[in-house]
Amino acid sequence: MKMTSQIQQVNRVSQGLLNNNTEQSLSFEFNGKSMTGYAGDTLASALLANGEKLVARSFKYHRPRGIFSAGSEEPNALVELRKGAYQEPNTRATIIELFDGLEAKSQNYRGSLKYDLMAINDRLSPFLSAGFYYKTFMWPKAFWEKLYEPIIRSSAGLGRLSAIEDGDSYDKGFLHCDLLIIGAGPAGLAAALQASRSGAKVLVADEDFLLGGRLNAENHGVAGAAGHEWAASTVAELNSLPNVRIMPRTSIYGSFDHGIYGALERKTDHLASSGGKPRQVLWRIYSKQALLCAGSTERPIAFANNDRPGVMLAGSVRTYVNRYGVTAGQKVAVFTNNDDGWRTAVDLSDKGVEISAIIDTRDKAPLAAPKGAAVMMGGSVINTAGRHGIREITLSNGQKVPTDCLAVSGGWNPNVHLTCHQRGKPEWQDDISAFVPGHALPVGMQVAGAANGTLTLASALAEGHAKASEMVSNIGYTPSNSLAPDSNDESCAVSAFWYVDSGKDRAWLDLQNDVTVKDIKLSHQEGFRSVEHLKRYTTLGMATDQGKTSNVNALAVMADCTGKTIPETGTTIFRPPYTPVAIGALAGRARGKDFRPTRLTPSHRWAEAQGAVFVETGMWLRAQWFPQAGETTWRESVDREVIQTRKSVGICDVTTLGKIDIQGRDAAAFLNKIYANAFAKLPVGKVRYGLMLREDGIAMDDGTTARFSDTHFVMTTTTANAVSVFRHMEFARQCLWPDLDVQLLSATEQFAQYAVAGPNSRKLLQKIVDADYAIDNESFPFMACAEITVCNGIPARLFRISFSGELAYEIAVPARYGDSLFRVLMEAGQEYDVVPYGTEALGVMRIEKGHAAGNELNGQITAQNLGMGRLVSKKKDCIGNKLSERSALNTDNIVELVGFRPVDVTEMLSSGAHFIAIGAEASTENDQGWMSSVCYSPELKMSVGIGFIQNGSQRLGEKVRAVDLVRGKDIEVEITSAHHVDPEGERLRG
Amino acid sequence: MANYTLTASSPLAGLQQEYQGVTLAEVTNKALVSISVPLGGETALQTAVTATYGVTLPVTGKSSKTSVDNALFAGMSRDQCWLFFETDNIRPVNIITEKLGASGYYTDQSDSWVMLSLAGEKSRDVLERICPINLDPDVFLIGDVARTSMEHMGSIILRESEHNYLLCSARSSANSFVHAIELSIKNVI
């Protein structure tokens, strides 16, 4: 409901830049209390307008806290925004755009915000100093995990998660530009104007929703207009240009290699509902050049009890009054060590706000004080009073001054963070008492304006303009002749004054983590000399604000302790992200089933209709087995599929195997080098098993390769290695043997391929193979291949190969016919009671037959281990040939692939079991090998396995134990041939 | 003679969707054959292509269009170009072999890819959510082609006209690919 509410907004002193927005108010709720504000407000400005000072409790001591800043550096005013599935903790009130119906709550308190039960921690503060949990809770030891840690965890911390799945969606995207301008303040806008007028493709990103940076917070003029008006007209001009993209509400959170920047765009956070659109978009920006115009962040001065609500950064107090028309107090005092602080007093006074005092640590006043303001030069604030908000300050001369807002300015720190994301180190600049970007900037980056230590307006505008000219000419554009916008430099002198000795009282450095001057001194006293150690011991500079308002002051305290200078003390390393990024945004749309792509086989739709159980193999979904009515366990289904295939015929979708089309005059010579065994003389119309080795002589992959003509081969690889084998071969083709005439194409997707296995497989295929092609045993023997036609002229490839050990074929058709072919095979096979079989039955039959697969080709195994040592032809060279001869791989005691059966046939073997001699201890020293694959063999009616055992081929008939300590099994097994079924291979040749 | 008939099906059953500012449609009338250049055979292949199609072979990243079979040669690598052309012949390699003889190595890719046409003035807005390459109209020109990866799926993108793109990705993950595009459309439009 909208209503006029000027009365409620006790601190709204003007329209600020909200203009017409103040004609209609927006309702919002904070801690259940209804209030109003205007479009263009932040939650923070609206709270201040409504006189809400106490908005949060501190992290450790649960001290009352208020709004401290007006930007993303806010350490205090963290709230839980929205409700239920949309609730977001730790949201900074200073960057939340107000919308009608906004609901926010304070966090980190028990009871009520005003009377927080956990505020007892403040009384216990002597026991809660830096690193207290390392030393207070050491005894008794067992109490740490069960008592101390849970208590500490539940009482400390920031906001809470709703524990409901995030109801919003997120997205990602990619942007490209010639020049990325990070920050749309004076320097950024001047740079954007110049670069865009020069013709460059410019992308301007700013975390604020109103572009202009400090121009919207100050009263300076630019090019004859008010600063904020110049900003608005400049943005309008930029928006009208086709070569410029302006992105408000977008934080550049990281600088990465090759000119790549991470950006978080808050698309709908300013709306009551995202309306089904992504709430935030995480962009990857590819830039040729990047100009950092991120401005600077004001730092406070530390003094006793400087954390009370109402103690704020002076520049922020100025932002609230100039931009939002909101005063942070009715009686404001200013404590400063620089000229800039004085402007807060002037601007507030201009709006009719009473200035109670100006306290400057320096001796000489830079400006005239507003009328009525007491001025204390060379003094300081030494304490504050007020339970839930500041009521009074005590000056160094003992005078007490009533005030409800203390604006503090300790100078400005350039936002150098992004210059450090690739290990750049900032450098100290004495005249502004702050760190500025170092010389080692990320490639393609330059810095302009306050981020570069150029803190005054005319200089920042000029620098932005000049850097843009330089950068666009770096990438081939002629800079426009236009001049930098005209303005004046304001006074900005600063003295190095960091903290006031607080005696017994605590003076806060890091408001977010409750780190005080004393904590830094204590940490030094306890031996923490490195600034990185200091950070971890005291938690200074951690959490959502990453110490933006506290780091330099803490370094100054530490420098005092060590007797070093601040630059000698150094800074901690700034890493991405610059400001918090929600995990949801990092995940983007990769959630649930969209986490990664899914590959479906050509028979998938049919299998799904049959109720097949699927398994993920890589990205593929493969049918694992096909349950039938009455079957209650997977074993029943799998056993039936195996039995029926071996008895009659079964069909399995093997499309997932990698298929590589190899053509060229030297294709045979190429394969001869790729495979360990000989391929040069493979006749046309034949298939051969091939084993390829890695360069180090270890088995890489195996499969079959068919020759369709002198210059044309088709290779199959295992499903898992389809990509890596192709890559390996491309490397070999392009880099090892570029003189060979050979070309590779992946054909995995082109063909639907089905294994048709079992004694009736030929009969079944004869029903669909066109009459022109004879596939009887004589015409088409074991290991034959041919390009044929099926079902009246559809092109197909037929391979007489067998993974199951049965009479078997693989038939391939163009993928468009894959679904249809599977259905036709099932229909044509009805007279043979054909069964579809899945990957489990496939696995059972290959283990029964003793074929190696992924479990065996595990990256440690050689051809010798597989019993294929003689396959590695010594009449030719091939990849891995030489290194397969290494002595350690060829001892008399290497493990060899053999079969295993339980002595007690009721026992079930398990893969991963290790072989131990009977009577020996199950220890590493006695380990003789391992079981790589097991299955229940419906044919043998027992569990069988294959695996590797030392000297296995010479030990057939011997008994050992298969010990599986993980599953608690110790089974006596007999070493057998790996070929449990049809060891002579009569079936597959039949 | 076999008593069974095989029926062809396209990966997305001829999907056609219209949105405000963009249309998404599966392309089902095109064959795709890769043409690899034999070692040392560049001139022979070029001569054959020019004689038959009247165009020069494109360099990597560019394409050449011809009215013969409404064909388009896309330069995919130094020694490989892909030929998109209209035909309903199930043996497209035979067509190419008839035209170009043994001057190249040909592999049918027609069934390896799902082909989608994304057309309309919002197409680049849709693509910028999933396509990492620079689609600035002054950078990725009409006729340009690139291999890239969208949502972890290997893809080929070809700019056919001012706002129209041909997208190809693996047939097996066609559903995931079209989902990625449709989600982008939903998110952007």
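Computed from a predicted structure; not experimentally measured. Every chain is numbered from 1, with letters handed out A, B, ... down the list of sequences.
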Item checked: Chi angles and distances behind the side chain to side chain contact (heavy atoms under 4.5 Å, CB included) call for A:Asp741, B:Tyr105 -> CA-CA 11 Å; A:Asp741 179 47; B:Tyr105 299 124; 2.3 Å; yes
Notebook entry, point to check: Looking only at side chains, do B:Thr107 and A:Asp661 share a donor and an acceptor under 3.5 Å apart?
Noted result: yes
Note to self: The test is side chain to side chain contact (heavy atoms under 4.5 Å, CB included); show your working for A:Met619 and B:Ser172 and say whether it passes.
What the structure shows: CA-CA 10 Å; A:Met619 290 184 193; B:Ser172 64; over 6 Å; no
Check: What pair of heavy atoms forms the shortest contact from A:Asn792 to B:Tyr4, and how long is it?
Finding: ND2-O, 3.6 Å
Next item on the list: Search all heavy atoms of A:Arg599 against all heavy atoms of B:Ser173 and return the closest pair with its distance.
Entry: CG-CB, 4.1 Å
Check: Would you say B:Leu6 and A:Val824 make side-chain contact, with heavy atoms under 4.5 Å?
Finding: yes
Note to self: Does any part of the side chain of A:Arg665, heavy atoms only, come nearer than 4.5 Å to the side chain of B:Pro38, both counted from C-beta?
What the structure shows: yes
Check: Quick one: are A:Pro814 and B:Asp108 in side-chain contact, heavy atoms under 4.5 Å?
Finding: no
Checklist line | Portion of B:Val37 that has a non-hydrogen atom of chain A nearer than 4.5 angstrom | finding: backbone
Checklist line | Under 4.5 Å from a heavy atom of chain A, the part of B:Ala174 involved | finding: neither
Margin query: Assess whether a salt bridge exists between A:Glu787 and B:Arg91, defined as any Lys/Arg side-chain N lying under 4.0 Å from an Asp/Glu carboxylate O.
Written below: no
Note to self: Quick check on the interface: out of A:Leu175, A:Asp594, A:Thr601, who has the most heavy-atom pairs with chain B under 4.5 Å?
What the structure shows: A:Asp594
Notebook entry, point to check: Between B:Ile133 and chain A, which part of the residue has a heavy atom less than 4.5 Å away: side chain, backbone, both or neither?
Noted result: backbone
Next item on the list: Give, as side chain, backbone, both or neither, the part of B:Tyr106 having an atom under 4.5 angstrom from any heavy atom of chain A.
Entry: backbone
